[in-house]
Every structure is written in C-alpha cells, then in structure tokens.
Amino acid sequence: MGTPSAPDVVVNTTGLTKRFGSTVALSDVDLEVRRGEVFGWLGPNGAGKTTTLRLLMGFARPTAGAIRVHGRDPWRQPAAVHREVGWLPGDPAFHDRLTGRAHVRMAARLRRSPDDDKTADAVTERLGLDLDRPVGTLSRGNRQKLAVVLALLGGPQLLVLDEPTSGFDPLVQQEFQALVREHAAAGGTVLLSSHVLGEVQRTADRIGVLRAGRLVAVEEMSVLRGRSLHRVQARFDAPVRAADFAGVPGLRDVQVTASTLRCAAPAAALDALVGRLARHRLTDLECTEADLEETFLAYYGGEPGGR
Ligand SMILES: Nc1ncnc2c1ncn2[C@@H]1O[C@H](COP(=O)(O)OP(=O)(O)O)[C@@H](O)[C@H]1O
Ligand SMILES: [Mg+2]
C-alpha cells in the first residue's frame, strides 16, 4: 500500500473551484486528507460532494484552484491516479446481462492484478453477495455491494467512495464499516461522502462539511462528540426568566414558559448551567444527550457559512 517515502498528505486541494455555467458547484475549497485516515465528506444534496470526487478522479477539470492525489494532478495524469485509487461512483453503471464475477474479471484485467479473485471472494462473502447472478437480477443493495467489491480490487491505497452505503441494510452497513476501518488500520486512506452524519460517524476520523459548494467546517469526530448537545428541561417552584440563564456558554434553543426552562447545552456547559439552575428551587430536572445528527445539524445546519 504505497511506498514508505510517500508523503502523509494523500489528497490536497487549494482554492478548488468548479463552475458549470452559472452554477457554482464548488467554491475555493482548501482540504487535506492524510494517510491512514477515514475522512467523511458531508453535505446536503447538491452541496458539491460528487463534483469534488469527480475532480479527484480527473473526470472533470477544475475551473480554478488545484487538486492533487499523491502529489499528482488527476486531470493530467488520470491513469497514474487511478492505479492507486479504488473508486465507487455515486451512480454505478453495470452490464445487466453479465454476472458480478464477469465484472470482477474485467476490472481485474484492467488493473492487471493477479489476486483479484481472492479479494473479490473474501469481500463478497463478508457482504453476502452472489457473484454468479446476472447484475440485472440484483437488488439495489446487492448492486451496491458489487460496487464495493470492485472498488476494493487490487488493494488500492486510497478508497474514494461516493455515498457508498445508500441501499444497505444495517447488518451489511456494519460489515461495510468494518471493511473501511480495516483498510485505514492497514495504512490505507478512505474518503467517503454522505448526506447524513449517521452513515459516517462510526467510521470517520474527521469530517469536512460542505454547504452550497463551500467548506464550512473540518472537524475531528472526537471533537464533535465532545460537543454533543444535551436536552435539558427544568421545572421550578416559581416563574423564572430567560435572562436568569444568559451567559451560560453555548446554550441554545432557550425557551422559558412560566416556571419551566427548556434548552440545549453542550456537555462542556452543563456544569455552568447546573450552577444557574441551583439559584432557583428545582422541582424536576431532565437531561438527555441528543444524538450526533442533532448536534451536527445544530452546529452546521444553518445558513452557508453560518454556525
Ligand atoms: N455536469 C454538471 N452540469 C451542470 N451542473 C452540475 C453538473 N454536475 C453537478 N452540477 C451541479 O453542481 C452542484 C453540486 O452537485 P453535486 O456535486 O452533484 O452535489 P452532491 O454530490 O453534494 O449532491 C449542483 O447544483 C448540481 O446541480
Ligand atoms: Mg452526489
């Protein structure tokens, strides 16, 4: 998997911009993906995720700025880039009358890699796919499994996966996530896109958040977990005012109705919040951790560039 002297930065972009006519698909994106990490490329539909990955594969040319994969320009050296990349397109195309195995053989011939049947059989078994059926008879989930198998052929250093888990049921999703983690643990790099945090939160080391073509955040998953919001509801024996709780850092969605306070607080603010609550006489207190998706939307779900 790559040479020891290869630099730690596997993908980097500087001022990466792509316009289609008057549509700005990607605007001034600076990004670094490092060797050995799983990087989640997140954003709502139309944010520019697929465009980024297609630029990375050299299928399109940047309007401005630059993208490098292992130091190479994919537009100028697509073959060299493709040798090191396993690609799973957002909309994989197959020959419906051919079996999965025929697809594997074709891809293996293109890659000139002798071990491919072994890789394919191992991955196929883990995901639970029948390689001997014509692809036209496969369900959407099974076609997606075949796309995963094809991306892994030949042991590429970098996996570039565009919304790979759409169509997987939870068990297959788990097995897929294990494959991704194993790839990174063996020194490989994974860049995978999704429009939902839940799909990448168990695998990603870092995430980049794209909105309307702009990179609005790059975050370690562990940091995002540390900022996870807690929903708090407190009842008091007398009316309170919102102003009583102002100044608690990071407090959100504060609602005060008579003698009840509802709000959301990041874990780090709970101590300060409890200090304020204790200035009044509490009759009831509830505190539940929100799921990561809710935390994510609270921080990154606003207007582009807004937090
Ligand atoms: N080939 C194309 N021609 C014109 N517009 C495009 C093309 N590809 C993407 N776009 C536009 O660029 C924007 C980003 O699209 P895309 O990268 O597919 O987003 P995502 O993958 O995050 O859903 C969208 O507004 C989309 O309509
Ligand atoms: Mg897309």
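Order of listing sets the numbers, starting from 1, for every ligand and every atom in it.
No donor-acceptor distance shorter than 3.5 angstrom exists from the side chain of Arg19 to the backbone of Thr63, with no hydrogens or angles considered.
For ligand 1, the atoms closer than 4.0 angstrom to any heavy atom of Pro44 are 22 (O). Shown in contact with Thr50 at under 4.0 Å from a heavy atom are these atoms of ligand 1, numbered in order with element: 17 (O), 18 (O), 20 (P), 21 (O).
Protein heavy atom in closest approach to atom 14 (C) of ligand 1: Gly46 O, 3.4 Å. Here the protein heavy atom with the shortest distance to atom 27 (O) of ligand 1 is Thr23 CG2, 5.0 Å. The protein heavy-atom contact nearest to atom 19 (O) of ligand 1 is Gly48 N, 3.1 Å. Nearest to atom 12 (O) of ligand 1 among the protein's heavy atoms is Ala25 CB, 3.2 Å.
A 4.5 Å side-chain heavy-atom check between Glu199 and Phe176 finds every atom pair outside the cut-off. Using a 4.5 Å heavy-atom cutoff, the side chains of Met57 and Pro78 are not in contact.
Note: an N/O pair closer than 3.5 Å links Ala47 and ligand 1 by distance alone. Checked against a 3.5 angstrom limit, the closest N/O atoms of Thr51 and ligand 1 fall inside it. Taking distance alone, with nitrogen or oxygen atoms compared against 3.5 Å, Phe20 stays at or beyond that limit from ligand 1. Considering backbone and side-chain N/O of Asn45, none are found under 3.5 Å from N/O of ligand 1.
Proximity of atom 22 (O) of ligand 1 to the protein is indicated by at least one non-hydrogen atom lying closer than 4.0 angstrom. Less than 4.0 angstrom separates atom 6 (C) of ligand 1 from at least one non-hydrogen atom of the protein.
Classification of Asp73 and Arg61 as a salt-bridged pair fails, no side-chain N sitting under 4.0 Å from a carboxylate O. Lys145 and Asp130 are not joined by a salt bridge, as no carboxylate oxygen comes within less than 4.0 angstrom of a charged side-chain nitrogen.
A donor-acceptor contact closer than 3.5 angstrom is absent between the side chains of Thr288 and Arg231. Asp162 and Ser193 share a donor-acceptor pair across their side chains, judged by distance under 3.5 Å alone.
Taking the six-membered ring for Trp and thresholds of 30 and 60 degrees, Phe94 and His103 have ring planes more than 60 degrees apart, a perpendicular arrangement.
Within 6.0 Å of CD in Glu125 there are 12 or fewer heavy atoms belonging to other residues, nucleotides or ligands.
One of the N, O or S atoms belonging to Thr50 lies under 2.8 Å away from the Mg ion (ligand 2).
Distances from ligand 1 to the non-hydrogen atoms of Gly43 include no value under 4.0 Å.
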